[in-house]
**Q** 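Structure in structure tokens, see below.
Quantities reported herein were computed from a predicted structural model and do not represent experimental measurements. So you know, we letter chains A, B, ... as the sequences are listed, proteins then strands, and number each from 1.
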Amino acid sequence: MPLLTLKDSDGAFEAQLPGSLRRLRLGDLHPSMDSAGRYFLGHVLLNFPTTILGNGQMLFKAVLAEPVTGTSPPKTSAINTVFFGAVAEECGMFIRQGDLLAITGFKCSESPSASKDGRHPFQMELQEENAPTVYVYVKAQTTTFMLTEPSVPKPGYAYTPLSKLQVGTIVNVFAVVKHFKAPFRTKGTDYCSAVTIVDPSDVKLTCNIFNGNCDALPKISKIGDIVRFHRLKIQEYKTEKQGTPGAGFSSVTFDGTVGAAVMPRTSSKSFSFSYEDSTTVTALRRWASAHLPPPPSPVTLSTVQPMAYFDLTCQLVGKAEVDCCTFLLKVWDGTKCLHPHTKVRVETGALVGDEGFIYKLRNLTVDVLVFDNHARTAESLMVGCFIRINSLHVKSQTSNISEEVETPCLDFLLHGGTGYGRGITILPESNSDVLELQRTLDLKLLDLDDHMNIEEAPSCGLDGTAMEPTHKELVPMSKDPVSLPSVSLPRCQQSSATVITAHHHMNTTSLKDIQNMKAPQKYRIRAQLMEFEPQRINESIKLYCSNCQSLQDVPDEEELDMILQNRAATAVKPGLLNLALCRSSTVKRENQDGSPVVLYFLKCGRWETPQDRLLMIEGGTMQEIYQLSEKFHSVVPVTTEGKHLSFPDFSAPFLIQGKRCYYGCRRCSSLKSIQDRYVLTEKDSLDPDVISRALGIVLLQCVLVMKLTFNDGTDLLDAYLWDTSEQFFHISAAEVLSNDAVREKLQGIMKKLCPPEAKLEDHPWLECCIKSYNVKDEINSTICYQIFDTVVVEDA
DNA sequence: GATTAGGCTTCG
């Protein structure tokens, strides 16, 4: 094995190397030199994807930089390092930017690209025949940055004031963001973010930062943020200096607010962060607060002025395509726009989002029309996400100002182009503005619930066609009244096993009265639970698509094994692999006469240990998949199709994490090819949302669906419980399937709500909000009922 | 390791 890892917990890197080895410096390298007994020490500045040469040999290239001890780096500190064959395969999978390596057993040759890349005139080459060894220094703690790292040779970064920049140099800078553009796709291959920065030397510099991965761009969220750029190349454009990423460019961003925590934001997994950096951030914050104009105070929908441009931080409630170059975004920020504003009409069915929620917020949302390049961004936004719309135009529809007859109607427009930073940014949930917004929205929602009354019940209801089959299946049949249960205590004195979370002003309606009323309506009821379906608790969990509203059963392990067996039987040639994407290994099973199991290890991710790696598997039973998912973070079942990997179908989960299975919607998903090497590694995230989005899969949500039969002594009523947000039971539907303890907890609750052995009169009383809605088919129209805004009392 | 864009508001 040419690759050896040494842990930082075991001491300093060089102290762990074999004592006989002596260190070679960059100046010692020469084609005539013998590297036996010697090693070269360097940080990985850059690494390129592993490729296959014309002769079928694998090649991995990295640029190494000798750790610098002085204050400023020498001119040529970087050297190209080329790994061949098996060495390339192994090192290419493991080595990443920022790693510290010690290399032995290499040859030196002339670098064919030295004149172009300005690096060392020679390059290092590692071939298996020379028995090379690559020692990698592994940090035990990789998730967070380290404040001090005394045992690792750390490059001493020097920062150039913006007034001292020279064209043609590569520098490190620390400065305040004066202006920025949210990342946008260029006409080339990359995303770009334009950032203008200033520092206490009172000079500004515009930088165009490019990267093929949008997430790798500086994580700037607002003007006043502080950025640290390493290896920024200074160019000249129209007599002005300009910054652009130099080789190995990296960026770290900090909040610019005086007194805020100094938390670095970056997508780099490995980056330095020292005590000095922290004091620089503090100093820059103080300088900016005293010398720069204060950042514009945030505008909300309630404070918006006509004919203005502003940045809006908001939540996306709904979206719809208007035409090829226009998209509608329905957003809210918890405040009410005081001016009349345009409501955009879209074709029925075009609006994506929760109908009920859109209706509930109808007086608080504004319709934003986004054009051209932004329409494409808008299309990919997930309803519910938090966004910042930069340079949103509030346009008054009254063209002639002299005609001030009425209050003007406002249009919210995001014009095409990126001028003035126009754009849409998805804000992470950890963003401080989002946390504040979330609080505002939560309070507003509570407020809304309190003021919502029966007259406000939506007329649209939940009578979507896609839900019909389920509801028809479960449509209440028995409506014969039964004898009144004898109750020993007055009802008002009995505690409830469930309570309502809103609508307390509503009076209780008897089930008999409800049966005589038209839908849709909202009611408050007090009744006992007579029975519920399904009795087998696992069957109450369904897979729901929020996009097409379809509902389906979750296959059990037996069904899944059948599906997997059929797949294996119809597979043409298992094990055909795409080398550029991953490494495969075939696992033989002693007790099996059937097809082999092939495992594919993804090469291009940054995941290093099995616990944070994604594995693809071809063949295998569900039990085997679960076994693997205990060791690997994520398991994706695949099949081979021609020369590439593909997804079999949607009958089985497309992703397994631990005991949790994730399914895709066969109707709404449009699969992207795994052929694209970036597909699975987008953002290097193993989040099911990110993976499913990257694969073009619309993720199905686990929901808990039950039919509850109530009896209040006046009549019986069947109501559906549709618990999508863990509200009713405080239980995650998905966990009912994957966690035995959670399933038992749910069974326990149901036992208490509806004790199987007890007489109905001894069942606990429940207080519930229910709403009625119409379910229509070609011939009939039935009224169904659904429970809402009700929760089980803990320890019911 | 080329290229992209290169803040200084719009068709709507």
**Q** Should the side chain of A:T189 and the base of B:dT4 be counted as holding a donor-acceptor pair, with the cut-off at 3.5 Å?
**A**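 Between B:dT4 and A:T189, which were checked side chain against base, a qualifying N/O pair under 3.5 Å is absent.
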**Q** Which whole-number value in Å describes the distance from A:L205 CG to B:dG7 P?
**A**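 Roughly 11 Å, once rounded to whole Å.
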**Q** Can you figure out which of B:dG1, B:dG7, B:dG6 approaches the side chain of A:K61 most closely?
**A**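 Ranking B:dG1, B:dG7, B:dG6 by closest atom to the A:K61 side chain puts B:dG1 first.
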**Q** With a 4.0 Å cut-off on heavy atoms, is A:T418 in touch with a base, just the backbone sugar-phosphate, or nothing at all?
**A**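 Sugar-phosphate, no base atom in range.
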**Q** Check the distance between B:dC11's P and A:L414's CG and give it to me in whole angstrom.
**A**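 These atoms are roughly 12 Å apart.
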**Q** Among the nucleotides B:dT3, B:dG1, B:dG6, which one has an atom lying closest to any side-chain atom of A:Q235?
**A**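 When the side chain of A:Q235 is considered, B:dG6 is the closest of B:dT3, B:dG1, B:dG6.
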**Q** When all nucleic acid strands are considered with a 4.0 Å heavy-atom cut-off, which category describes A:K241: base, sugar-phosphate, or nothing?
**A**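 Counting heavy atoms under 4.0 Å across all strands, no contact is made by A:K241.
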**Q** Determine whether the aromatic ring centres of A:F249 and A:F229 lie less than 6.0 Å apart.
**A**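 Yes; A:F229 has its ring centre under 6.0 Å from that of A:F249.
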**Q** Under 4.0 Å between any heavy atoms, over every strand shown, what does A:T196 touch: base, sugar-phosphate, or nothing? Just pick one.
**A**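 Answer is base: heavy atoms of A:T196 come under 4.0 Å of a base.
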**Q** Would A:D311 and A:R388 pass as an ion pair if we require N to O under 4.0 Å?
**A**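 Answer for the salt bridge query: no.
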**Q** Compare the minimum distances between each of B:dC11, B:dG1, B:dA5 and the side chain of A:D372, then state the nucleotide with the smallest one.
**A**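 My answer, after comparing the listed nucleotides, is B:dC11.
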**Q** Tell me whether the ring of A:F210 lies stacked over the B:dT4 base, given a 5.5 Å limit on centroids and a 30° limit on the plane angle.
**A**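 Stack criterion met.
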**Q** Mind checking A:G416 for me? I need base, sugar-phosphate or nothing, with any heavy atom below 4.0 Å counting as a touch.
**A**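 Result for A:G416 = base.
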**Q** Between the base of B:dG7 and the ring of A:F180 - centre-to-centre under 5.5 Å, planes within under 30° - is that a stack?
**A**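 According to the criterion (under 5.5 Å, under 30°), no, A:F180 does not stack.
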**Q** Rounding to the closest angstrom, what is the interatomic distance between B:dG6 and B:dC11 at atom P?
**A**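 Between the two P atoms, the distance is 16 Å.
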**Q** Identify which nucleotide among B:dA5, B:dT4, B:dG7 has an atom closest to any side-chain atom of A:K178, counting heavy atoms from C-beta outward.
**A**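 Nearest nucleotide to the side chain: B:dG7.
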**Q** Check the distance between B:dT9's P and A:H179's NE2 and give it to me in whole angstrom.
**A**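 Rounded to whole Å, this separation is 11 Å.
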**Q** If the cut-off is 4.0 Å, is A:K395 near the phosphate of B:dT10, judged by side-chain N/O to OP1 or OP2?
**A**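 So the side chain of A:K395 is outside the cut-off, no N or O lying under 4.0 Å from OP1 or OP2 of B:dT10.
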**Q** Tell me whether A:K222 is salt-bridged to A:D433, with the criterion being a basic N under 4.0 Å from an acidic carboxylate O.
**A**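 Answer for the salt bridge query: yes.
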**Q** Ring centroids only, cut at 6.0 angstrom: are A:H230 and A:Y157 within range, meaning strictly under it?
**A**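 Aromatic pair counts; centres sit under 6.0 Å.
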**Q** A:F327 has an atom CZ; how far is it from atom P of B:dC11, in whole Å?
**A**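 That distance rounds to 20 Å.
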